[in-house]
Amino acid sequence: MATCPRIQPMACKSLASHRFRNSSPISSISNASMFSRARYPTASTLHRSKTFACRSVSVASSNFTWEDAVHISLPESFQDDPSDLTGYFEKVKLCNRGSDMQSEFLPFVIDDQIVGHVHHGFAYHLKKYANVFTFPRDDSVRVGACLSLHESLKTPEDRTHAVGNVVKCLGEEIIPGIRNEMYPVTSSFGAPVFFSLERAAATYFGIKVYGVQMNGYVEKDGKKFLWIAKRSQMKQTFPGMLDELVAGGLPEGVSCGENLMKECEEEAGIPRSISNKAIPVGAVSYSDIKDYSYKRDVLFCYDLKLPESFIPKNQDGEVEGFRLLPVTNVANVIRRTQLFKHNCALVIIDFLFRHGYIKPESSGYLELLQSLKSGTCF
């Protein structure tokens, strides 16, 4: 079986016109600095002092505990300005890398609709399946060139079966993390489904993926608190990192509301009598290119006000634990660190806007607000 050629990690490109401080690109979670460029201490130093001056550090995702995260969140732990939006801009940037690499991708077109984008390097592996895919007549990159499905594949069922067989043949060596979960391939949300694709292959075909994410909050003594999850170390992606209370991809044939209630039960033990009160509040989107992967996600955001007495309990083994933290403390963790799964930070930033924790008086307010829809949001 052919293997993917070695690819150099691509550099991060500055988001819009916001001026970020210089930093190295984030190439992987395992070796990425878990702390924002504002520079904060390592997990090992968190136990040695209550107040810290800024220091340069690098911390792997598996090296922090709940105690570390809680300490980092405390207002008195660091001398910084909560109105400084730089840390939030950095989190948006982490979800929107590689825009200068778009020319390396072919549009994936079905019935004259662009449904995805495929890197030329990944397309190389598809060329031996000429009964499934059709390519430009030559290898040149030209206007109008695209990848499409063979004209004999007329129905969604035929396409699903044919492309699914290709994904199985390529296997874990080319498409790691196969889960046997199917995502719909469409030109836009609610549009007809052209076929269904294995979840792990979604970014390799650059299809639009939709998901639901929910902020579960509690009000006590006039203050708001957020329930935060810590992902299991066994998760295939972002193991051990902080997460929203509930989140999940949107599979084919399931509505957003129904999917959210299912995820509420599985991830936090929230009964439907409570989760059916979750309020849809909008969406965030992003476009992230790294190596052969083109990630184009739209996340539908929900808020759920929970009873003070409710304690979440994970049911599917994908969450290590939960903590209830003041919203201002959660904001500190996002501004100061990279301990949150990247796209979850965007959803919480959206929550901070809507609940008045990020104010128009802060420099960059409108730019940050607009950046939460950096991807195509349809």
Side-chain angles (χ1 to χ4, degrees), residues 1-7 10 98-210 249 251-253 287-298 375-376 378:
M1 180 180 294
T3 58
C4 295
R6 188 179 300 275
I7 300 176
M10 65 180 64
S99 60
D100 56 336
M101 310 298 290
Q102 290 182 354
S103 61
E104 298 183 10
F105 288 77
L106 280 170
F108 182 24
V109 176
I110 302 177
D111 294 346
D112 298 323
Q113 300 289 319
I114 296 177
V115 299
H117 300 270
V118 177
H119 191 276
H120 289 282
F122 181 71
Y124 168 81
H125 298 291
L126 304 180
K127 286 187 175 181
K128 57 186 173 183
Y129 302 99
N131 61 332
V132 179
F133 300 100
T134 60
F135 292 84
R137 294 182 180 180
D138 56 60
D139 292 329
S140 63
V141 180
R142 64 184 192 279
V143 176
C146 67
L147 168 71
S148 59
L149 294 179
H150 194 277
E151 61 182 7
S152 65
L153 301 173
K154 301 290 188 183
T155 67
E157 293 76 18
D158 289 342
R159 295 164 177 167
T160 298
H161 179 73
V163 177
N165 282 339
V166 171
V167 171
K168 289 178 182 177
C169 289
L170 293 177
E172 291 280 339
E173 187 175 5
I174 307 300
I175 304 175
I178 292 176
R179 310 183 187 191
N180 297 314
E181 297 179 30
M182 306 301 285
Y183 278 171
V185 178
T186 68
S187 59
S188 61
F189 185 69
V193 177
F194 292 110
F195 71 98
S196 299
L197 179 67
E198 157 64 38
R199 176 176 180 172
T203 61
Y204 292 92
F205 285 89
I207 68 168
K208 186 73 71 65
V209 170
Y210 302 89
E252 183 179 355
S287 179
D288 188 54
I289 297 175
K290 183 178 183 293
D291 300 340
Y292 289 174
S293 170
Y294 197 152
K295 192 173 181 62
R296 302 190 302 141
D297 288 1
V298 176
T376 53
F378 57 81

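These values consider heavy atoms only, across backbone and side chains, with no hydrogens, waters or symmetry-generated copies. Sequence positions, counted from 1, serve as the residue numbers for this chain.
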Engineer: How long is the straight-line distance from CG of Asp112 back to CD1 of Ile110, given to the nearest 0.5 Å?
Structural biologist: 11.0 Å
Engineer: What I'd like to find out is whether the side chain of Gln102 reaches to under 4.5 Å of the side chain of Ile289, using heavy atoms alone.
Structural biologist: yes
Engineer: Using a cut-off of 6.0 Å, state whether more than 12 heavy atoms not belonging to Glu151 lie near its atom CD.
Structural biologist: no
Engineer: Does any part of the side chain of Ser196, heavy atoms only, come nearer than 4.5 Å to the side chain of Thr160, both counted from C-beta?
Structural biologist: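 Of all side-chain heavy-atom pairs linking Ser196 with Thr160, at least one is under 4.5 Å.
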Engineer: Quick one: are the ring centres of Tyr292 and His119 less than 6.0 Å apart?
Structural biologist: yes
Engineer: Here's a test for you: under side chain to side chain contact (heavy atoms under 4.5 Å, CB included), which of Val118, Leu170, Ile175 qualifies with His125?
Structural biologist: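 Of Val118, Leu170, Ile175, side chain to side chain contact (heavy atoms under 4.5 Å, CB included) with His125 is met by Leu170 alone.
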Engineer: Quick one, Val209 and Thr203 - any side-chain contact, counting heavy atoms below 4.5 Å?
Structural biologist: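 A side-chain contact under 4.5 Å is absent here.
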Engineer: Would the distance check show the side chain of Arg159 and the main-chain N or O of Leu153 forming a donor-acceptor pair, the cut-off being under 3.5 Å?
Structural biologist: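 Yes, the answer is positive, given that a donor and an acceptor are paired below the 3.5 Å cut-off.
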Engineer: Answer yes if the side chains of Lys208 and Thr376 hold a donor-acceptor pair under 3.5 Å, and no otherwise.
Structural biologist: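 There is such a pair (donor and acceptor under 3.5 Å, judged by atom type) between the side chains of Lys208 and Thr376.
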Engineer: From Asn131 CG over to Asn165 CG, what is the distance, rounded to the nearest 0.5 angstrom?
Structural biologist: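 Rounded to the nearest 0.5 Å, the CG-CG separation comes to 9.5 Å.
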Engineer: Which heavy atom of Val109 sits nearest a heavy atom of Cys146, and at what distance?
Structural biologist: CG2-CB, 3.8 Å
Engineer: Say you draw a straight line from CG of Asp111 to OG of Ser148; how long is it, rounded to the nearest 0.5 Å?
Structural biologist: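 Rounded to the nearest 0.5 Å, the CG-OG separation comes out at 10.0 Å.
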Engineer: So do Asp297 and Asp288 actually touch side chain to side chain, heavy atoms under 4.5 Å?
Structural biologist: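 No, side chains not in contact.
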Engineer: Distance check, rounded to the nearest 0.5 Å: His117 atom NE2 versus Ser287 atom OG?
Structural biologist: 8.0 Å
Engineer: Look up atom CG in Leu149 and atom NZ in Lys154, then write down how far apart they are to the nearest 0.5 Å.
Structural biologist: 11.0 Å
Engineer: Can you check whether Tyr129 reaches Val163 side chain to side chain, under 4.5 Å on heavy atoms?
Structural biologist: no
Engineer: Find out whether the Lys NZ or Arg CZ of Lys127 is both under 6.0 angstrom from the six-membered ring centre of Phe133 and within 45° of the ring's axis.
Structural biologist: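 Verdict for Phe133: no cation-pi partner in Lys127.
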Engineer: Check whether any side-chain heavy atom of Leu147 lies under 4.5 Å from a side-chain heavy atom of Phe135, and answer yes or no.
Structural biologist: yes
Engineer: Taking Glu198 for the side chain and Ala200 for the main chain, is one N or O donor matched with an acceptor at less than 3.5 Å?
Structural biologist: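 A pair under 3.5 Å: yes.
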Engineer: Output a table of donor-acceptor pairs, distance under 3.5 Å, between side-chain atoms of residues 181-194 and any protein atom two or more places apart or on a different chain; print 'none' if there are none.
Structural biologist:
unit_1, atom_1, unit_2, atom_2, d
Glu181, OE1, Arg199, NH1, 3.0
Tyr183, OH, Arg199, NE, 3.1
Thr186, OG1, Ser188, O, 3.0

Engineer: Within this structure, what is the CG-CG distance for the pair Leu126 and Leu106, rounded to the nearest 0.5 Å?
Structural biologist: 10.0 Å
Engineer: With heavy-atom distances below 4.5 Å as the criterion, would you say the side chains of Phe195 and Thr155 are in contact?
Structural biologist: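 Result no, sub-4.5 Å side-chain heavy-atom pair not found.
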Engineer: Indicate the atoms forming the closest heavy-atom contact of Pro176 with Tyr204, along with that distance.
Structural biologist: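 Heavy atoms of Pro176 and Tyr204 come nearest at CD-OH, 3.4 Å.
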Engineer: Does the gap between the ring centers of Tyr294 and Phe205 come in under 6.0 Å?
Structural biologist: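 No, too far apart.
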